[in-house]
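Input: a single structure, listed below in structure tokens.
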Amino acid sequence: MTRLDCTVTTCLHNSDERCCKQAIIVDGSDAKDTYETCCGSFDENREGAFKNVFRTPENRLEIDCEAVNCVYNRDRHCEAERIGIIGDGASEAGHTECATFLMR
Ligand code: SF4
Ligand code: SF4
């Protein structure tokens, strides 16, 4: 389980810069840099005003990750103690990235 901070406040699952999902998937099977990764679980909050009031942010998440070039990736699972997903203002998954990606 990994602690996750997420600045993608345009995502439906975001509350107070934390994620309300219990598990996410990070994409980027060919990634060699952070910008080539993204949060595959991103869903746009189209109304913009919806607040995730009925769900609480998760302290720790399971993170499946396709970015196998990252040092924290083991068998397509993230083993980092803490990661950051960034992409303020994102309107699609491709605008987000795992800022913690580190090339092997
Ligand atoms: S972008 Fe990903 S990590 Fe961030 S709140 Fe949305 S689903 Fe969770
Ligand atoms: S730190 Fe590495 S293994 Fe963990 S989610 Fe980010 S890219 Fe994937």
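For the numbers below, each heavy atom of this structure counts, side chains included, while hydrogens, waters and symmetry mates do not. In each ligand, atom 1 is the first atom listed, and ligand 1 is the first ligand listed.
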Legend entry - atom 2 (Fe) of ligand 1: the protein heavy-atom neighbour that sits closest, reported with distance to 0.1 Å: Cys39 SG, 2.3 Å
Legend entry - Atoms of ligand 1, numbered as shown, that sit under 4.0 Å from any heavy atom of Ser41: 7 (S)
Inset, instruction - Any chance you could measure Asn73, atom CG, to Leu102, atom CG, to the nearest 0.5 Å? - result: 12.0 Å
Legend entry - Spacing of CD1 belonging to Ile63 relative to OG1 belonging to Thr2, to within rounding of 0.5 Å: 4.5 Å
Inset, instruction - Pick one of side chain, backbone, both or neither for how Cys11 approaches ligand 1, counting any non-hydrogen atom pair under 4.0 Å. - result: side chain
Inset, instruction - Starting at OG1 of Thr34, measure out to CZ of Phe101 and round the result to the nearest 0.5 Å. - result: 8.0 Å
Inset, instruction - Can you measure from CG (Asp30) to OG1 (Thr37) and round to the nearest 0.5 angstrom? - result: 12.5 Å
Inset, instruction - Please identify which atoms of ligand 1 are closer than 4.0 Å to at least one heavy atom of Cys6. - result: 1 (S), 3 (S), 4 (Fe), 5 (S)
Inset, instruction - Kindly compute the distance separating OG1 (Thr100) from CD1 (Ile86), expressed to the nearest 0.5 Å. - result: 9.0 Å
Inset, instruction - Using only heavy-atom distances, determine whether the side chains of Arg18 and Asn59 contain a donor-acceptor pair under 3.5 Å. - result: yes
Legend entry - Residue-atom pairs from the protein, N, O or S only, that lie under 2.8 Å from atom 2 (Fe) of ligand 2: Cys70 SG
Inset, instruction - Provide the number and element of each atom of ligand 1 under 4.0 Å from a heavy atom of Asn14. - result: 5 (S)
Legend entry - Protein contact of atom 8 (Fe) of ligand 1 - nearest heavy atom, named by residue and atom, plus distance: Cys19 SG, 2.3 Å
Legend entry - Thr7 versus Glu17, side-chain donor and acceptor atoms under 3.5 Å: no
Legend entry - Ionic contact status for Glu62 with Lys21, cut-off 4.0 Å: no
Inset, instruction - Could you tell me the separation between the CG atom of Asn69 and the CE atom of Met103, rounded to the nearest 0.5 Å? - result: 4.5 Å
